[in-house]
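Contents: one structure, followed by commentary.
Counting starts at 1 for both ligands and their atoms, following the listed order.
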Amino acid sequence: MEKTFVMVKPDGVQRNLIGEITKRFERKGFQLVGAKLMVVSNELAQTHYAEHKEKVFFGDLVEFITSGPVFAMVWAGENVVATSRSLIGKTNPSEASPGTIRGDFGVIVDKNIIHGSDSLESAEREINLFFKQDEIVSYEKQESTWIY
Ligand code: RTP
Ligand code: MG
């Protein structure tokens with residue numbers, strides 16, 4: 001099953017949006033297969049955002065993402081990489097459509113609430129950066145007499 005890496009950034013955690021964001025992914029129909037609250041080290045931040053290391057905003061981006069706890073997640077489901085990006089919305093919240101996470105909750109580009117992997121390759125790379133193999137759980141829905 002396809003998987004992607006999603007992270008509530010420090011601003012999203014500060015604003016108590018972990019529940020709201022997790023709810024949107026669950027209700028969309030995706031399955032949560034890994035999650036943890038953590039503080040990103042400087043080294044991990046630089047590796048994660050390596051593609052932006054020549055950009056003028058790189059230093060600020062690394063400083064921000066390491067400034068407080070993030071909520072790192074792995075979500076699974078068909079087309080989860082691309083569909084997560086559309087649930088998240090455009091990078092700049094001022095351009096993100098209402099109904100998307102950044103469109104509904106974000107204001108400025110450097111505090112845009114959430115990260116989502118932008119391709120299958122990025123997803124695999126980022127999941128391995130943030131999670132150990134045994135922190136990812138795979139499970140099937142059970143037939144039961146206790147879900148009504
Ligand atoms: P992310 O990687 O965080 O999910 O965001 P993204 O794919 O939508 O955007 P990306 O181009 O990868 O940019 C990474 C993060 O850098 C910050 N940024 N600041 N000041 C600026 O012009 C600027 N441009 C990008 C944003 O916080 C963006 O999420
Ligand atoms: Mg990106």
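Only the side chain of K9 comes within 4.0 Å of ligand 1, counting heavy atoms alone; its backbone N, CA, C and O stay farther away. Only the side chain of L61 comes within 4.0 Å of ligand 1, counting heavy atoms alone; its backbone N, CA, C and O stay farther away.
Residue contacts with ligand 1: Y49 is included, with a non-hydrogen atom under 4.0 Å away. Using 4.0 Å as the threshold, R85 has a heavy atom nearer than that to some atom of ligand 1. Look at D118 and you'll find every heavy atom at least 4.0 Å from all atoms of ligand 1.
Geometrically, ligand 1 and R102 share a nitrogen or oxygen pair separated by less than 3.5 Å.
Ring centroids of F130 and F5 are separated by less than 6.0 Å, placing the two rings close together.
At the top of the distance list for atom 6 (P) of ligand 1, counting protein heavy atoms only, stands T91 OG1, 3.5 Å. The shortest contact between atom 21 (C) of ligand 1 and any protein heavy atom is with F57 CD2, 3.6 Å. In terms of protein heavy-atom proximity, atom 4 (O) of ligand 1 is closest to H115 ND1, 2.6 Å. Protein heavy atom at the shortest distance from atom 27 (O) of ligand 1 is V109 O, 2.9 Å.
Side-chain polar atoms of S97 and T100 form no donor-acceptor pair below 3.5 angstrom.
Rounding to the nearest 0.5 Å gives a distance of 9.5 Å between OG1 of T83 and CZ of F25. K3 contributes atom NZ, which lies 15.0 Å from atom CD of E126 (distance to the nearest 0.5 angstrom). Here the CG atom belonging to N92 is positioned 9.5 Å from the CZ atom belonging to R102, to the nearest 0.5 angstrom.
Of all atoms in ligand 1, numbered sequentially from 1 with element shown, those under 4.0 Å from a heavy atom of H52 are 10 (P), 11 (O), 12 (O), 13 (O), 14 (C). Numbered from 1 in the order shown, with element, the atoms of ligand 1 that lie under 4.0 Å from a heavy atom of G116 read 4 (O). Short contacts between ligand 1 and N112, defined as distances under 4.0 Å to a heavy atom of the residue, involve ligand atoms 26 (C), 27 (O), 28 (C), 29 (O).
In this structure, K9 fails the cation-pi test against F64, since its NZ or CZ atom is not both closer than 6.0 Å to the six-membered ring centre and inside 45 degrees of the ring normal.
Residues E20 and K23 are paired through a salt bridge, judged by an N-O separation under 4.0 Å between the basic side chain and the carboxylate. Look at R125 and E121 and you find no salt bridge, because none of the NZ, NE, NH1 or NH2 atoms lies under 4.0 Å from a carboxylate O.
Counting only distance, with no hydrogens or angles, the side chain of D104 and the backbone of G99 share a donor-acceptor pair below 3.5 Å.
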